[in-house]
Student: 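So that we are looking at the same thing, I have put the structure below in structure tokens.
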Amino acid sequence: MFNRIYTSGISEKEIIKKLEENLEKEHLISVLSRMYINYLADSVEAKSYLMKEVQEAYYISQRSGIVAQFLLLVHPHVRKYAGISQITFLYDSYRGVYEDCWPRGLLPNMKDTLIKSKVLSSKEVSILEQLDRLINMQEEELDSMAVRKLYEDFFEGKDPLEVIFTLPM
């Protein structure tokens, strides 16, 4: 839908202005974070307080998706109940994450961008890379001590929700 708007000749400024006029701030940030792409970020409004909030919301969205996939692989309860949970995951099961993308499609193609934009820290990316190696070596043995240690290393005893929704410094 957003691509059709952009190709129709309506400028990003006009889109943002109309959305600002018609949406409450919370909804505006949600909508703009979903359409957040490089040229929107590079627009004149990029320096504004609103666009900083939009950028942060976009990065939190990316981070929460990545960490949710990590949890599907390393946490036995999430692995068991993701398909029936009221919490929505990108995949219904760890098998989808494992077979589709984890982290082969994510890290080799996006690692530097994720670190530079502070969606993930270097340490977190390293843990994700270790998980990939373990999965390949252990052939899906996700209940091993090594996998549990990765969970502990990633969250460092902190509340996982706090970690999920806090961008690294």
Side-chain angles (χ1 to χ4, degrees), residues 1-75 77-79 81-125 127-128 154-156 158-169:
M1 175 183 149
F2 294 122
N3 287 339
R4 282 186 274 154
I5 293 172
Y6 294 129
T7 57
S8 70
I10 301 171
S11 75
E12 298 88 32
K13 287 180 188 179
E14 291 173 294
I15 293 169
I16 293 169
K17 183 179 179 194
K18 286 294 183 188
L19 290 172
E20 281 180 311
E21 291 170 359
N22 293 293
L23 296 175
E24 293 178 21
K25 185 178 178 184
E26 182 178 311
H27 291 109
L28 174 65
I29 290 169
S30 177
V31 168
L32 289 177
S33 71
R34 289 191 177 120
M35 33 185 301
Y36 187 83
I37 48 181
N38 289 336
Y39 68 82
L40 183 58
D42 293 336
S43 70
V44 176
E45 289 82 9
K47 304 297 182 222
S48 74
Y49 180 72
L50 173 66
M51 287 311 292
K52 287 179 182 170
E53 287 188 60
V54 168
Q55 183 179 40
E56 182 178 3
Y58 174 74
Y59 290 158
I60 289 287
S61 173
Q62 285 190 312
R63 179 177 178 79
S64 63
I66 294 166
V67 179
Q69 291 178 61
F70 175 73
L71 285 170
L72 267 167
L73 291 171
V74 301
H75 197 284
H77 295 301
V78 176
R79 214 170 32 248
Y81 298 116
I84 61 168
S85 171
Q86 291 293 319
I87 300 170
T88 304
F89 291 89
L90 183 58
Y91 297 90
D92 288 340
S93 73
Y94 77 92
R95 192 168 267 316
V97 176
Y98 177 77
E99 291 176 354
D100 189 32
C101 73
W102 190 265
R104 289 175 283 278
L106 173 71
L107 291 178
N109 300 320
M110 296 287 297
K111 175 170 67 174
D112 294 335
T113 302
L114 292 168
I115 293 169
K116 183 179 177 187
S117 62
K118 297 186 179 181
V119 170
L120 295 171
S121 69
S122 297
K123 179 183 177 185
E124 290 167 337
V125 167
I127 292 168
L128 302 180
F154 194 92
F155 293 106
E156 300 177 316
K158 297 175 188 165
D159 176 353
L161 292 175
E162 184 178 320
V163 173
I164 289 169
F165 296 111
T166 304
L167 295 172
M169 293 300 187

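These values consider heavy atoms only, across backbone and side chains, with no hydrogens, waters or symmetry-generated copies. Treat the numbers as computed from the prediction; the structure is a model and nothing was measured.
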Student: Quick one: salt bridge (charged side-chain N to carboxylate O under 4.0 Å, His left out) partners of E56, sequence neighbours excluded?
Tutor: none

Student: Rounded to the nearest 0.5 Å, how far apart are OG of S33 and CD of E53?
Tutor: 11.0 Å

Student: Between E20 and K25, does any side-chain N to carboxylate O distance fall below 4.0 Å?
Tutor: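 No salt bridge links E20 with K25.
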
Student: Can you find a pair of side-chain heavy atoms, one from F70 and one from I127, that are under 4.5 Å apart?
Tutor: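 Yes. Closest side-chain heavy atoms under 4.5 Å.
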
Student: Evaluate the criterion side-chain contact (heavy atoms from CB on, under 4.5 Å) for residue pair L28 and N22; output intermediate values, then yes/no.
Tutor: CA-CA 9 Å; L28 174 65; N22 293 293; over 6 Å; no

Student: Can you measure from CG (L32) to CE (M51) and round to the nearest 0.5 angstrom?
Tutor: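 Atom-to-atom, L32:CG and M51:CE are 6.0 Å apart.
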
Student: Does R34 reach the side chain of S61, with side-chain heavy atoms less than 4.5 Å apart?
Tutor: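 In short, these two side chains do not touch, never coming nearer than 4.5 Å.
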
Student: In the structure I gave you, are the side-chain heavy atoms of V67 and F155 within less than 4.5 Å of one another anywhere?
Tutor: yes

Student: What orientation do Y81 and H77 show, parallel under 30°, tilted 30 to 60°, or perpendicular over 60°?
Tutor: parallel

Student: Apply side chain to side chain donor-acceptor pair (under 3.5 Å) to T113 and list each qualifying residue two or more places apart in sequence or on a separate chain.
Tutor: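 Not a single residue meets the side chain to side chain donor-acceptor pair (under 3.5 Å) criterion with T113.
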
Student: If you measure from OH on Y58 to OG on S117, what distance do you get to the nearest 0.5 Å?
Tutor: 8.0 Å

Student: Looking only at heavy atoms, what is the nearest atom pair of Q62 and L114, with distance?
Tutor: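 It is OE1-CD2, 4.4 Å.
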
Student: Quick check: do L23 and I29 have side-chain heavy atoms less than 4.5 Å from each other?
Tutor: no

Student: Side chains of K118 and Y59: closer than 4.5 Å at any heavy-atom pair?
Tutor: no

Student: With a 6.0 Å cut-off (strictly less than), is the heavy-atom count around CD of E21, excluding the residue itself, greater than 12?
Tutor: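 Check passes, neighbour count above 12.
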
Student: Drop me the distance from I115's CD1 to L120's CG, to the nearest 0.5 angstrom.
Tutor: 7.5 Å

Student: Hey, could you give me the CG/NZ distance between L128 and K123, rounded to the nearest 0.5 Å?
Tutor: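 Atom-to-atom, L128:CG and K123:NZ are 12.0 Å apart.
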
Student: Please tell me if the side chains of R63 and I164 come closer than 4.5 Å, counting only heavy atoms from C-beta onward.
Tutor: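 They are not in contact (no side-chain heavy atoms under 4.5 Å apart), so the answer is no.
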
Student: With sequence neighbours excluded, give me every salt bridge (charged side-chain N to carboxylate O under 4.0 Å, His left out) pair touching residues 158-169.
Tutor: E156-K158

